[in-house]
Amino acid sequence: MSQDYDFKSLESRWQAKWQELRLFEPHGDGEPYYCLMMYPYPSGALHMGHIINYSIGDAMVRYHLMRGRRVLTPMGWDSFGLPAENHAIRTGTPPAESTKKCIDAMRRQMIRAGFGYDWSREIATSHPGYYRWTQWLFLKFFEKGLAFRKRAPVNWCSSCRTVLANEQVHDDACERCGTVVDQKDLEQWFFRMSSYAQRLLDGHEQLQGKWPDRVIKMQKAWIGRSEGARLEFEIVAPGAECHGEKIPVFTTRPDTTYGVTFFSLAPEHSLVVDLVRGTEREQEVLEACRKMRNQDRVERASEESEKTGVFTGRHVRNPFDGSLAEIWVCNYVLMDYGTGAVMAVPAHDQRDFLFARKYGLPVKVVIQPSLEEPLAEASMTESHEGGGVQVASGPLDGIDSRVEAIRQMTSYAKEQGFGDFSVHYRLKDWLLSRQRYWGAPIPIVYCEECGIVPVPEAELPVLLPKEVEFRPAGDSPLATCESFVRTRCPRCQREARRETDTMDTFVDSSWYLYRYLSPGDEERPFDAETARNWIPVHQYVGGIEHATMHLIYARFFAMVLHDLGLLEAEEPFQRLFCQGMVCARAYRCETHKWLSKEEIDLDGMTCKECGGPVTSEMTKMSKTKKNGVSPDALFEQYGADTVHTSILFSGPPDQSVDYNERSVRGIHRFLRRFWDTLVSLVPKVSGVEPWTAGRSGDLSGNWKTTRRVCHGTLKRVTEAFDKHGFHFNTCIAGSMESLNALRAAGDPKTEEERAACRESILLMTQILAPFAPHLAEELWDRLEQPGPSIFRQPWPCVDQDALAVEEVEIAVQVNGKLRGQIRVPAGVEKEAALATAREAASVQKHLQGKTIKREIYVPNRLINFVAR
RNA sequence: GCGAGAGUGGCGGAACUGGUAGACGCGCUGGAUUUAGGAUCCAGUGGGGCAACUCGUGGGGGUUCGAGUCCCCCCUCUCGCACCA
């Protein structure tokens, strides 16, 4: 048997053994533990972000196996999506083919990386056996009125040639490719997510403390609940068709309604055309609207950008005082928030203020922050958005704004029938249509007679046609595939056309957690009874970039599935852990931009190309910054155990971790030393009964220390998994300390020492097992421990006695400054400790000529003499 | 602008409810062994000082016997949101 740490053969041997043992399939009758890691898009290669994600999850899986839990640890593929289709356009390879290759390559990598998954449950969302049920779920949503079609201004990415959901647009650019999105008016499919806004907020209650705070906060902000009132303003437009009609507005500040001096509509608002039809302003207003609508998205959405508008020549009547206010069309009013119409109160809203000043519109103060120094309308330089006392507000004069005025104003509006209390959410319906090929086809048929007709369940799946052309421009391949489009109406059998849009891939990932429970089920997407056991997922691990996308969609799905009677749980993920980014040093030259390590001269920090100076920064690994590291090379050079352990050792996993090859080598050295030390001790403790709690007998100081450090580490590791935020870096540090103590103890000489030695070796092996599983398995095997795998053996218990020390070192301070140290028996009485401390020479020197006013004693830790 | 998080040696990071700041690792220095080593082992390693001592957790105040930790003000960085009526 090899004595060398031959990680290559050892790792492949144990990986084969795990498959053979079916180690990662649910086993035993322990309490279920569903550990889910966000499945990857099969790009063909794992990157360091995957490695940290799956290393964290893998440690959790292995720990809970040792805890005797019945663990579910599935893995699959988010295999629909744009990259495969773009690849098809470039190379002609059908997405199904390239995707399969990528999946095979990544699965191999994952196995090589030693991640423990139950491959018998593998799923791929692009597989007809999966998307059949994605389509089935769509039909259920459709039946309930939760999937619907509407014409709406939507985000269009001209580069990806498809529409995008709100959540996929960041800074007005496509989240995928960075292209600035356009607004288009299109008829599209939506999920009615907005009607779940309040439930999505309420659900946060039970996630508190189990999900990262920042994710909950991001979701709350995304959902954006705001309370206020809906008020109706009557249109005064003699001669116009809409004369006398009422326009509703949403406002959070009904207390400012007496301060309305004009009224704003979004340029997209349908009323604009009616208002100006046939008037002398028609041309001017419509032209201005056109300009505003075509304004660059980023520019129009920016807070700093110039506010522009145009007067329609029409008015509204303020329902409270009957006064008339001009109707303007303004670029800063958004059609998709509230009603697309705003009552403008320049004195108390900064945007309205800027607009009013620019166009010379009146400003009317109705809230005075201080009656002694009243605001003067003519000289105000900014709006007053805070509270104060109502003035010029009819019957409200003198009362406190905000709470009381808001209540009275809204109640009055309700009584008079022109308004009510109202709550608005920023969260919109989920736009799920995509004008692309590589996604689940929306199972709908359009019939001239019957209209929108769902495909009958028995006809699912609506398969993606294979004979299609991928072209760089133009319509989706589905739209031009006659054999796909032409069909018969399921209802009347007449000729009809299929929907040619496919579903957003976030639909696929909103329910994959359930499909893992019974991946081959051909009767239903998943079984409610099985789901009762496993859902909500006990631990979900993934990146924070999904905070307002996948994690909201999946919660919405769980709630709908619950309402459909398919799922008992209402929340999909009980606990969520988000890992940090993996960063590495990136180098930049003024002329040659981002450079890889090979392209610079590290000694002088200069560019090899031009000799110019190079600056560097720690930043997220990425292709553009050329600071990525291929995990493959690391596995090859150092092995899977080293890679897992070193990435987890670099720092707390919820913060970003810096990759540094030096520290990888440091961990490799540690594992090697761990191996060498334990392997050399194995024959010396062969057949020895390990020390157990409660055993009496003499042990020398070094062995007592070793036991103390090992049990201390065991305690720390157990708590890291069960309570304290998975700070595995300190667990691994503890393993190193244990090893250092063991090495300092030397060879065991007595029977007692051999017992303590064997106990320590076993503990150290088990403690390291979640992080370096292959190495642990091999040592466990060589120690001739029972069972086929260390992961089928119970996690050890802390021996409290081992943690105790006989003597402690106490710090002695005089007036808060450290002046000496004393060694006393642990648990020593206060008076005895103080007496010893007073006598210490280094302390006496500082007490000389002073009177002790106070003596502070922290048992076993510290003494402080307060002396004057 | 709003919201959140973070600033600790040359570097990554430790420090449980206020109680010996710098665990553990990297790097560095010296030594041993070696033909050699980006191998291994031993010792040292926050700054200043021969020493006694002193200064040190982004900066400035405060509370306390005692502050990295609590309070107030300020600076810097990262992330999220951003004309949301």
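Atoms considered below: every heavy atom in the structure, side chains included; atoms not considered: hydrogens, waters and symmetry mates. So you know, we letter chains A, B, ... as the sequences are listed, proteins then strands, and number each from 1. Note that the structure is a prediction, hence the values are computed from the model and not measured.
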Participant: Mapping Ile732(A) and Glu661(A) onto RNA chain B by nearest heavy atom, which one lands closer to the 5' end?
Facilitator: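 Closest to the 5' end, via its nearest nucleotide, is Ile732(A).
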Participant: In whole angstrom, give the distance that lies between atom CZ of Phe250(A) and atom P of rA85(B).
Facilitator: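 In whole Å, rA85(B) P and Phe250(A) CZ are 7 Å from each other.
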Participant: Between the main-chain N or O of Phe670(A) and the side-chain N or O of Trp675(A), is there a donor-acceptor pair closer than 3.5 Å?
Facilitator: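 Flag not set: sc Trp675(A) to bb Phe670(A) has no pair under 3.5 Å.
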Participant: Write down the distance between NZ (Lys715(A)) and P (rA23(B)), rounded to a whole number of angstrom.
Facilitator: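 For the pair Lys715(A) NZ and rA23(B) P, the rounded distance is 21 Å.
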Participant: For rC77(B) versus rA14(B), give the span between their P atoms, rounded off to a whole number of Å.
Facilitator: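 Pairwise P distance, rC77(B) against rA14(B), rounds to 23 Å.
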Participant: Need to verify one output field. Residue with the more 5' nearest nucleotide on RNA chain B, Arg351(A) or Arg716(A)?
Facilitator: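 Checking each residue's closest nucleotide, the 5'-ward one belongs to Arg716(A).
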Participant: Is there any protein nitrogen or oxygen under 3.5 Å from a nitrogen or oxygen in nucleotides 2-13 of chain B, and what are the pairs?
Facilitator:
unit_1, atom_1, unit_2, atom_2, d
rG12(B), O2', Ser650(A), O, 2.6
rG13(B), O3', Asn729(A), ND2, 3.3

Participant: Give each stem of RNA chain B as a range with a range, requiring at least 3 consecutive Watson-Crick or G-U wobble pairs whose two distances are under 3.5 Å.
Facilitator: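 So the stems come out as B:1-7 with B:75-81, B:10-12 with B:24-26, B:27-32 with B:40-45, B:46-48 with B:53-55, B:58-62 with B:70-74.
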Participant: Please enumerate all residues that pass ring pair (Phe, Tyr, Trp, His ring centres under 6.0 Å) together with Tyr425(A), with sequence neighbours excluded.
Facilitator: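 With neighbours one apart ignored, the set is empty.
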Participant: At what distance, to the nearest 0.5 angstrom, does CG of Asn627(A) lie from CE of Met48(A)?
Facilitator: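 The CE atom of Met48(A) is 11.5 Å from CG of Asn627(A), to the nearest 0.5 Å.
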Participant: Please give the distance between the P atoms of rG12(B) and rA82(B) as a whole number of Å.
Facilitator: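 These two P atoms come out 32 Å apart once rounded.
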Participant: Counting only side-chain nitrogens and oxygens, does Arg861(A) get under 4.0 Å of the OP1 or OP2 atom of rU20(B)?
Facilitator: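 So the side chain of Arg861(A) is within the cut-off, an N or O lying under 4.0 Å from OP1 or OP2 of rU20(B).
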Participant: Show every salt bridge (Lys or Arg N to Asp or Glu O under 4.0 Å) that has at least one partner inside residues 641-651 of chain A, sequence neighbours left out.
Facilitator: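 Output for this query is empty, none listed.
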Participant: State whether the side chain of Gln848(A) and the backbone N or O of Lys845(A) hold a donor-acceptor pair below 3.5 Å, judged by distance alone.
Facilitator: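 Checking the backbone N and O of Lys845(A) against the side chain of Gln848(A), no donor-acceptor pair under 3.5 Å is found.
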Participant: Per the side-chain hydrogen bond (donor to acceptor under 3.5 Å, both in side chains) rule, what does the pair list look like for residues 853-865 of chain A, sequence neighbours excluded?
Facilitator: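 The answer is Arg838(A)-Glu855(A).
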Participant: Is Ser226(A) near enough to rA85(B) that one of its side-chain N or O atoms lies under 4.0 angstrom from OP1 or OP2?
Facilitator: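 Yes, such a contact exists.
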Participant: Work out how far the P atom of rC70(B) is from that of rG1(B), and round it to whole angstrom.
Facilitator: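 Per the computed distance, 26 Å lies between those P atoms.
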Participant: When rounded to the nearest 0.5 angstrom, what distance separates CD1 in Ile216(A) from NZ in Lys210(A)?
Facilitator: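 Rounded to the nearest 0.5 Å, the CD1-NZ separation comes out at 10.5 Å.
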Participant: Checking Lys358(A) now: which residues fulfil salt bridge (charged side-chain N to carboxylate O under 4.0 Å, His left out) with it, not counting sequence neighbours?
Facilitator: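 Here the qualifying residues are Glu306(A).
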Participant: For rG9(B), does the O4'-C1'-N9-C4 (purine) or O4'-C1'-N1-C2 (pyrimidine) torsion place it in syn, i.e. within 90° of 0, or in anti?
Facilitator: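 This nucleotide is in syn.
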Participant: Name all residues meeting the side-chain contact (heavy atoms from CB on, under 4.5 Å) criterion together with Val709(A); count only those two or more places apart in sequence or in a different chain, and write none if there are none.
Facilitator: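 Listed in chain order: Thr705(A), Thr713(A), Glu737(A), Ser738(A), Ala741(A).
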Participant: Could you pull out all residues at least two apart from Ser842(A) that satisfy side chain to side chain donor-acceptor pair (under 3.5 Å)?
Facilitator: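 Partners of Ser842(A) under the side chain to side chain donor-acceptor pair (under 3.5 Å) test: none.
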Participant: Quantified in whole Å, what is the P atom distance between nucleotide rG10(B) and nucleotide rU35(B)?
Facilitator: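 My reading of the P atoms in rG10(B) and rU35(B) gives 39 Å.
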Participant: Closest to the Ala811(A) side chain: rU20(B), rA23(B), rA82(B)?
Facilitator: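 For Ala811(A), the side-chain atoms sit closest to rU20(B).
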Participant: Can you tell me how far C1' of rA85(B) sits from CZ of Arg253(A), to the nearest Å?
Facilitator: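 Checked: the CZ to C1' distance equals 11 Å.
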Participant: Work out how far the P atom of rC11(B) is from that of rG46(B), and round it to whole angstrom.
Facilitator: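 Their P atoms lie roughly 14 Å apart.
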Participant: Rounded to whole Å, how long is the line connecting atom CD of Gln350(A) with atom P of rC83(B)?
Facilitator: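 Spelled out: CD on Gln350(A) to P on rC83(B) is 15 Å.
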Participant: If the sugar-phosphate is the primed atoms plus P, OP1 and OP2 and the base is the rest, what is the B/S/- string for nucleotides 40-58 of chain B, using protein heavy atoms under 4.0 Å?
Facilitator: SS----------SSSS---
Participant: Can you tell me how far C1' of rU78(B) sits from CE of Met218(A), to the nearest Å?
Facilitator: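 Distance, rounded to whole Å: 13 Å.
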Participant: Using a cut-off of 4.0 Å on non-hydrogen atoms, how would the nucleic acid contact of Val249(A) be classed: base, sugar-phosphate, or nothing?
Facilitator: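 Nothing, no heavy atom under 4.0 Å.
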Participant: Using a heavy-atom cut-off of 4.0 Å across all strands, would you classify Gly224(A) as base, sugar-phosphate, or nothing?
Facilitator: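 Nothing, no heavy atom under 4.0 Å.
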Participant: Over how many whole Å does the gap from His668(A) atom NE2 to rG25(B) atom P extend?
Facilitator: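 His668(A) atom NE2 is separated from rG25(B) atom P by 17 Å.
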Participant: Counting heavy atoms not belonging to Lys428(A), are there more than 12 under 6.0 Å from its NZ?
Facilitator: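 Above 12, so yes.
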Participant: So what does Asp213(A) touch, heavy atoms closer than 4.0 Å: a base, only the sugar-phosphate, or nothing?
Facilitator: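 Since no nucleic acid heavy atom lies under 4.0 Å of Asp213(A), the category is nothing.
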Participant: Given atom OH of Tyr857(A) and atom C1' of rU20(B), what is their separation to the nearest angstrom?
Facilitator: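 Taking OH of Tyr857(A) and C1' of rU20(B), I get 14 Å after rounding.
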Participant: Name all residues meeting the side-chain contact (heavy atoms from CB on, under 4.5 Å) criterion together with Ser55(A); count only those two or more places apart in sequence or in a different chain, and write none if there are none.
Facilitator: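 By the side-chain contact (heavy atoms from CB on, under 4.5 Å) rule, Ser55(A) matches Ile51(A), Phe115(A), His644(A), Ile647(A), Leu648(A).
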Participant: Indicate whether OP1 or OP2 belonging to rG25(B) is found under 4.0 Å from a side-chain N or O atom of Asn740(A).
Facilitator: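 Affirmative; the distance criterion is met.
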Participant: What contact category does Gln821(A) fall into here, base, sugar-phosphate, or nothing, at under 4.0 angstrom with non-hydrogen atoms?
Facilitator: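 Base: the residue Gln821(A), judged by heavy atoms under 4.0 Å, touches a nucleobase.
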Participant: Does a sphere of radius 6.0 Å around NZ in Lys220(A) hold more than 12 heavy atoms from other residues, nucleotides or ligands, not counting ones at 6.0 Å or beyond?
Facilitator: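 Above 12, so yes.
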Participant: How would you list all residue pairs meeting side-chain hydrogen bond (donor to acceptor under 3.5 Å, both in side chains) that involve residues 246-264 of chain A, not counting sequence neighbours?
Facilitator: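 Sorted result for residues 246-264 of chain A: Arg253(A)-Asp255(A).
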Participant: Quote, to the nearest angstrom, the P distance that separates rG38(B) from rC28(B).
Facilitator: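 Roughly 10 Å separates the two P atoms.
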Participant: Could you grab the distance from atom CD of Glu227(A) to atom OG of Ser422(A), nearest 0.5 Å is fine?
Facilitator: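 Reported to 0.5 Å precision, the distance equals 10.0 Å.
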Participant: Rounding to a whole Å, what distance do you find between Met736(A):CE and rC24(B):P?
Facilitator: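 About 10 Å, once rounded to whole Å.
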Participant: Please tabulate the protein-to-nucleotide N/O contacts below 3.5 Å involving nucleotides 65-68 of chain B, giving atom names and distances.
Facilitator:
unit_1, atom_1, unit_2, atom_2, d
rC65(B), OP1, Arg854(A), NH1, 3.0
rC65(B), O2', Asn864(A), ND2, 3.3
rC65(B), O2, Asn864(A), ND2, 2.5

Participant: Can you tell me how far C1' in rA23(B) sits from the matching atom in rU8(B), rounded to whole Å?
Facilitator: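 Nearest-Å result for rA23(B) against rU8(B) at atom C1': 13 Å.
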Participant: Looking only at atom P, what distance separates rG60(B) and rC75(B), rounded to whole Å?
Facilitator: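 Looking at atom P only, rG60(B) and rC75(B) are 15 Å apart.
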Participant: Once rounded to the nearest 0.5 Å, what's the spacing between atom CZ of Phe355(A) and atom CG of Asn331(A)?
Facilitator: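 Reported to 0.5 Å precision, the distance equals 7.5 Å.
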